[in-house]
Amino acid sequence: MPISRDFFARPAAEVAPELLGCVLEHETVAGLVAVELTEVEAYAGQADPASHAYRGQTRRNAVMFGPPGHAYVYFTYGMHFCVNLVCQGEDSASAVLLRAGAVVAGEDLARARRSGRKPGRKPGDAPDQVRLASRNLARGPARLCRALDIDRSLDGADVCLASSPLRVRGPAQGARTTVRSEDIACGPRVGVSRGAEVPWRFWFAGDPTVSAYRPHVPRQRKLVTP
DNA sequence: TTGCCGATCTTCT
DNA sequence: GAAGATCGGCAAA
C-alpha cells in the first residue's frame, strides 16, 4: 500500500525527514525499480527563495500548486530530470526534492539504464566498461531519475495510488525496521544560491548512497576569443 | 581524491 | 542574454 495523502498534507520540512527510509517505485514495461530514500530536501513554495515556485506559477511548476502526493518532475541543465513530491495543501507549492536512494529492487534494470548512452555521448562511442557500484546507482537527484527512468511524462503522477506507475511506500521491510531520529542528519541544501541558510536537507548519517554536498557556485561563461 | 569543464535547454530578466 | 535544486570525463595533485 502506498503512503496516504495525509502524510504529504503537511509542511515540506516536516514531511522530508519522514520520507527517509520510504520506498519510491516505478513500474514500466521493462520491469520494476525501487529505491529506499536516503537523502531529501524540503522546499517551502512561494515563501522560499530557493524554490521553483518562488516567483509564482508557470507551466513548468504547475504541479507544485496542485494537491499533495503528486510528483513534480522538472528538466534542468539541458539534460537532467529531478523529481519532487508535492506537500501541504493546494497552492502552497511546497515540495520535497528526492536527492538520493539505495536501489532495493530491479538493480539490474537500474544499472542498465545508468550504464546506457549518456548525455553528451555520441552514438558509436565505446560503451561503458566499468560496472557501477550499487551505491552509485541513485546517488544524486538526476541519477535517481535515470535509474528509475523518470521524465516529464511522469510530471503530476499520483504517488499515493497503488495503480499508479510511480508510487511511494512506507519504510522497507527489514531494510531499516525503525528509522531513529539520531540516524538522521540535516544541513544546508545543495547547489542553491538563495535560501542556503535553512537546514532543510535531510539524510541518513553515514549512508554511502548520500550525494556529496556542494555549495552553490555560479557557472562561468565560456570566453569567446575573437 | 579534488577540481575544472562541457553538454544542452527551460525559464526568467 | 544569463543562470540554473547536475553529472561524468579528464587532468592534476
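Being a predicted model, the structure only gives us computed values, none of them experimental. Throughout, protein chains are lettered first and strands after them, A, B, ... in sequence-line order, and every chain is numbered starting at 1. Only heavy atoms go into these numbers, but all of them, side chains included; no hydrogens, no water, no symmetry mates.
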(Q) Running the 4.5 Å side-chain criterion over Ile, Leu, Val, Met, Phe, Trp and Tyr, what cluster does A:Leu32 land in, apart from itself? (A) none

Q: Report the hydrophobic cluster partners of A:Tyr43, with the cluster defined as I, L, V, M, F, W, Y residues connected by side-chain heavy atoms closer than 4.5 angstrom, directly or transitively.
A: A:Val63, A:Met64, A:Phe65, A:Tyr72, A:Tyr74, A:Val86, A:Leu97, A:Val192

Applying side chain to side chain contact (heavy atoms under 4.5 Å, CB included), name anything that partners [X], two or more places apart in sequence or on another chain.
X: A:Pro67; answer: A:His70, A:Glu90
X: A:Tyr213; answer: A:Pro188, A:Val190, A:Arg201, A:Pro215
X: A:Arg59; answer: none

Q: Strictly below 4.0 Å, heavy-atom distances to any atom of DNA chain C: list the hits from residues 105-112 of chain A, or just say none.
A: none

Whole angstroms only, please: what is the [atom1]-[atom2] distance between [X] and [N]?
X: A:Met64; N: B:dT11; atom1: CE; atom2: P; answer: 14 Å
X: A:Leu85; N: C:dA5; atom1: CG; atom2: P; answer: 18 Å
X: A:Phe75; N: C:dA5; atom1: CZ; atom2: P; answer: 14 Å
X: A:Asn84; N: C:dA5; atom1: CG; atom2: P; answer: 11 Å
X: A:Tyr77; N: B:dA7; atom1: OH; atom2: P; answer: 16 Å
X: A:Tyr74; N: C:dG4; atom1: OH; atom2: C1'; answer: 9 Å
X: A:Tyr213; N: C:dC7; atom1: OH; atom2: P; answer: 15 Å
X: A:Met79; N: C:dA5; atom1: CE; atom2: C1'; answer: 16 Å

Q) Considering residues at least two apart in sequence or located in another chain, which fulfil the salt bridge (charged side-chain N to carboxylate O under 4.0 Å, His left out) criterion with A:Glu27? A) A:Arg167

Q. With a 4.5 Å heavy-atom cut-off, do A:Pro171 and A:Val23 have their side chains touching?
A.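 SC-SC contact between A:Pro171 and A:Val23 ruled out.
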
Q: Specify the closest pair of heavy atoms between A:Cys82 and A:Ala142, including all atoms of both residues, with the distance to one decimal.
A: SG-N, 4.3 Å

Q. Closest approach of A:Arg135 and A:Pro208, non-hydrogen atoms and distance?
A. CD-CB, 3.6 Å

Q. Crowded around A:Phe75 CZ? As in, over 12 foreign heavy atoms under 6.0 Å?
A. yes

Distance from [X] atom [atom1] to [Y] atom [atom2], nearest 0.5 Å?
X: A:Asp48; Y: A:Trp200; atom1: CG; atom2: CH2; answer: 5.5 Å
X: A:Leu144; Y: A:Thr209; atom1: CG; atom2: OG1; answer: 9.5 Å
X: A:Arg55; Y: A:Gln46; atom1: CZ; atom2: CD; answer: 12.0 Å
X: A:Arg139; Y: A:Asp207; atom1: CZ; atom2: CG; answer: 9.5 Å
X: A:Leu24; Y: A:Cys145; atom1: CG; atom2: SG; answer: 8.5 Å

Could you list all N or O pairs between the protein and nucleotides 10-13 of chain C that sit under 3.5 Å apart?
none

Near DNA chain B, counting only heavy atoms under 4.0 Å, which residues of [range] show up?
range: residues 52-61 of chain A; result: A:Arg55, A:Thr58, A:Arg60
range: residues 150-160 of chain A; result: none
range: residues 187-201 of chain A; result: none

Q: Could you tell me whether the phosphate oxygens of C:dT6, OP1 or OP2, come under 4.0 Å of any side-chain nitrogen or oxygen in A:Arg99?
A: yes

Q: Indicate whether any N or O donor in one side chain lies under 3.5 Å from an N or O acceptor in the other, for A:Ser211 and A:Glu39.
A: yes

**Q.** A:Asp6-A:Ser4 side chain donor-acceptor pair, cut-off 3.5 Å
**A.**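 On atom types as modelled, these side chains do not qualify, holding no pair under 3.5 Å.
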
Q.
Considering every strand and a 4.0 Å limit on heavy-atom distances, what is the contact class for A:Ala50: base, sugar-phosphate, or nothing?
A.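 The residue A:Ala50 makes base contact.
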
Q: State whether A:Phe8 and A:Arg10 meet the cation-pi test: NZ (Lys) or CZ (Arg) under 6.0 Å from the six-membered ring centroid, and within 45° of the perpendicular axis.
A: no

**Q.** Given DNA chain C, 5'-ward residue of the pair A:His216 and A:Leu144, judged by closest heavy atom
**A.**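 Nearest-nucleotide comparison on DNA chain C picks A:His216.
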
Q: State whether A:Glu41 and A:Arg99 are salt-bridged, where the test is any N-O pair (Lys NZ or Arg NE/NH1/NH2 against Asp/Glu carboxylate O) under 4.0 Å.
A: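 Yes, A:Glu41 and A:Arg99 are salt-bridged.
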
Q) Would you write out the dot-bracket form of DNA chain B, 5' to 3', with Watson-Crick and G-U pairs under 3.5 Å, [ ] for crossing pairs, | for pairs to other strands and . for unpaired bases? A) |||||||.||||.

